[in-house]
There are 2 protein chains.
Amino acid sequence: MNNNQVLNERSLQLLKALVERYIQDGQPVGSRALSKDTELKLSPATIRNVMADLEDMGLIRSPHTSAGRVPTVSGYRLFIDSLLTVKPLDSEELKLLRKNLIAKDNVNDVIGVASRILSDVTRMAGVVTLPKRAMVSLRHIEFLPLSNTRVLVIFVTNEQEVHNKILHTSKQFTPAQLQQAANYLNSVYSGLSLAAVRKAVLKELKDAQEQMNREMLDAVQMAKLALDPGKSDEDYVLSGETNLMGFSELSDMERLKELFDAFGQKRGVIHLLDQCLNAEGVQIFIGEESGYHAFEQCSLVTAPYSINEQVVGVLGVIGPTRMAYERVIPFVDVTAKLLGAALNPKT
Amino acid sequence: MNNNQVLNERSLQLLKALVERYIQDGQPVGSRALSKDTELKLSPATIRNVMADLEDMGLIRSPHTSAGRVPTVSGYRLFIDSLLTVKPLDSEELKLLRKNLIAKDNVNDVIGVASRILSDVTRMAGVVTLPKRAMVSLRHIEFLPLSNTRVLVIFVTNEQEVHNKILHTSKQFTPAQLQQAANYLNSVYSGLSLAAVRKAVLKELKDAQEQMNREMLDAVQMAKLALDPGKSDEDYVLSGETNLMGFSELSDMERLKELFDAFGQKRGVIHLLDQCLNAEGVQIFIGEESGYHAFEQCSLVTAPYSINEQVVGVLGVIGPTRMAYERVIPFVDVTAKLLGAALNPKT
DNA sequence: GCTGGCACTCGTTGGGGTAGAGTGCTAATA
DNA sequence: TATTAGCACTCTACCCCAACGAGTGCCAGC
């Protein structure tokens with residue numbers, strides 16, 4: 001009997017069965033139950049030996065002496081990365097997605113629908129970040145005079161979204177001047193991503209103060225003010241948080257409060273989600289992997305979504321570590337793709 | 001001993017002491033504790049007699065035979081309406097309010113701050129409705145062409161807030177036509193409340209289809225589309241919900257879920273808050289008085305706030321029935337007044 | 001009308017005993 | 001050498017019960 005033997009086929013099969021069984025009914029899994037679950041005709045005693053090995057490797061643990069075993073975070077990780085057999089998407093779910101995830105006038109509405117579908121279908125919490133401002137591109141910008149030194153700037157982006165902001169300018173502009181400034185900006189920067197516009201604007205201000213004509217300088221100055229990164233970059237739409245109240249893993253009020261506080265703060269959650277912006281497809285944080293204490297009992301299944309093949313945001317599902325990954329993962333994946341499609345401008 | 005005797009001075013004094021004591025430490029109050037609490041030098045036995053009377057009148061009840069008494073909703077109601085001695089506002093709290101509740105560019109920011117202060121100071125949940133669209137008045141309206149039949153309408157209201165909306169028009173307009181339409185609307189309707197504008201617009205459309213010139217009719221038509229009641233009328237900013245998780249009254253997960261679901265739905269809460277729009281000052285719902293099952297264990301202390309002496313919204317505090325009314329009531333009152341002040345345009 | 005005394009009720013707490021689930025270890029087996 | 005049966009052991013969950021304490025209602029006396 002070698003303790004540090006590499007994981008063989010049989011051990012993996014048993015680990016898989018154990019995780020599946022535990023996910024299914026939430027009770028620690030004992031050797032007898034496992035012996036009945038698998039096709040391998042093994043006696044509970046043999047399985048106990050294997051389980052002892054798995055425990056040595058840190059893949060499972062037992063809550064106390066006379067309970068069965070439960071997966072550790074490493075156990076879940078191995079299960080998800082190598083053992084999981086994902087289930088194809090339920091056709092009902094797909095129908096629901098296709099029916100509801102269609103273009104709307106308002107980006108926020110689409111995002112809201114996506115979030116709600118995520119939570120309704122999984123019966124956990126759904127989350128969708130707003131498209132990163134810097135990632136979307138400028139379609140049109142316009143200035144409207146409000147009063148003496150206050151100017152309303154309006155810009156439309158390629159996701160058909162209208163943003164507005166009030167600027168306090170250092171001097172007074174005539175409507176004609178504002179019109180001219182807008183014309184200049186539209187002709188030069190239309191089509192570029194806001195990040196690119198912002199970068200170019202800062203460069204222009206630095207380089208060419210002397211050579212530019214007065215009107216253009218004003219225009220660039222205002223563009224700089226207008227494109228200050230908005231707080232929408234730190235926002236998301238969360239749905240079905242209350243679904244999480246039903247799970248026994250989160251029945252501790254202290255923990256639950258901490259989790260909901262994190263939802264309210266947004267900062268931490270956004271930071272976590274941003275880490276998935278550059279992932280290829282679905283990415284998963286299991287329990288403490290997220291690095292946030294509030295999420296210790298939770299897993300997060302995420303996928304980035306794109307507009308015009310440019311990743312602009314992330315969506316995902318938050319639930320207890322013990323969740324039906326084989327169903328959630330493909331669902332999150334497809335939802336991200338369809339959300340991207342719904343946000344893509346037709347023109 | 002007459003059961004249905006009118007409440008005399010002494011009974012009221014004892015009821016007051018009982019409610020205060022119960023609010024303070026959350027345990028059913030017994031006759032002995034009450035005998036020590038009050039100045040009236042009465043023996044526990046006498047107090048028991050009075051308590052029996054109060055119970056007959058439905059003002060207090062005992063959870064079980066050998067526990068003390070707790071106030072019923074009627075008991076709280078009587079206490080609040082007639083017996084409560086409100087405490088003057090803590091000077092620290094007032095300072096906090098004055099410091100943070102100042103005009104901002106963005107109405108939502110001010111509302112958010114108000115909500116947060118309400119929850120931070122009371123350590124319960126704070127809620128502030130967004131200003132009712134219909135109640136604020138129109139300052140300026142503008143149309144921008146987007147594409148063929150899509151027009152962006154922008155209007156600024158007297159709370160310095162900018163609203164925008166995309167209209168799908170039946171025909172195509174030139175920029176000049178749009179400009180003319182905006183000019184017409186601004187000259188005729190500027191300064192009126194949105195509700196008034198909407199009413200006038202509908203009237204114009206009905207009455208004078210024939211006599212109006214074409215451009216004005218278009219303008220009015222677009223104004224009608226633009227002023228469709230927005231969903232902002234059904235929105236509020238909630239803060240500190242998680243504070244409610246600490247209270248033993250709400251430790252039942254079922255109940256808590258129901259409450260948080262209600263917060264998420266918004267409809268019910270808005271309906272409840274709207275009932276306070278026409279109240280003179282602070283209004284209070286105790287427990288089941290609200291008529292909503294989810295709020296059965298909660299009280300709601302509200303006050304309307306105004307811009308230019310026109311009531312436009314409501315704010316309040318949500319907490320367990322057992323809350324320190326004598327401090328919450330004046331605090332909500334003052335916060336409403338200061339929020340109104342912060343929203344009032346200077347000009 | 002108030003009070004002291006008393007019997008009674010009921011929830012809470014903690015101890016003890018048992019049943020059940022599951023383990024680790026050892027010795028036997030293929 | 002890998003697997004299995006058997007067995008002693010451990011630990012939790014549950015129930016029962018007794019003791020305790022808080023508080024009540026009622027009555028008799030002041």
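Residue numbers begin at 1 in each chain, while the letters A, B, ... track the order of the sequences.
Across every non-hydrogen atom of A/Ser290 and A/Phe295, the tightest pair is OG-CB, 3.5 Å. Heavy-atom minimum distance, A/Ser43 versus A/Ser35: C-CB, 4.4 Å.
Rounded to an integer number of Å, the gap from B/Ile47 CD1 to C/dT3 P is 9 Å. Atom P of nucleotide D/dT24 and atom CD of B/Gln27 are separated by 14 Å, given to the nearest angstrom. Look at NE2 on A/His64: it is 5 Å from C1' on D/dT12, rounded to the nearest Å. For B/Leu34 and D/dG23, the CG to C1' distance is 13 Å, given to the nearest whole Å. Rounding to whole angstrom units, CZ of residue A/Arg10 and C1' of D/dT1 are separated by 12 Å.
A/Lys87 meets the salt bridge (charged side-chain N to carboxylate O under 4.0 Å, His left out) test with no other residue; sequence neighbours excluded.
The residues B/Glu55 and B/Arg69 are annotated as salt-bridged, a charged nitrogen and a carboxylate oxygen being separated by less than 4.0 angstrom. Looking at A/Arg255 and A/Glu249, no side-chain N of the basic residue comes within less than 4.0 Å of a carboxylate O on the acidic one, giving no salt bridge.
Ring centroid separation for the pair A/Tyr76 and A/Phe79 does not come in under the 6.0 Å cut-off.
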Exercise. Quick one: what's the B/S/- string for nucleotides 21-26 of chain C, heavy-atom cutoff under 4.0 Å, read 5' to 3'?
Worked result: BSBBB-

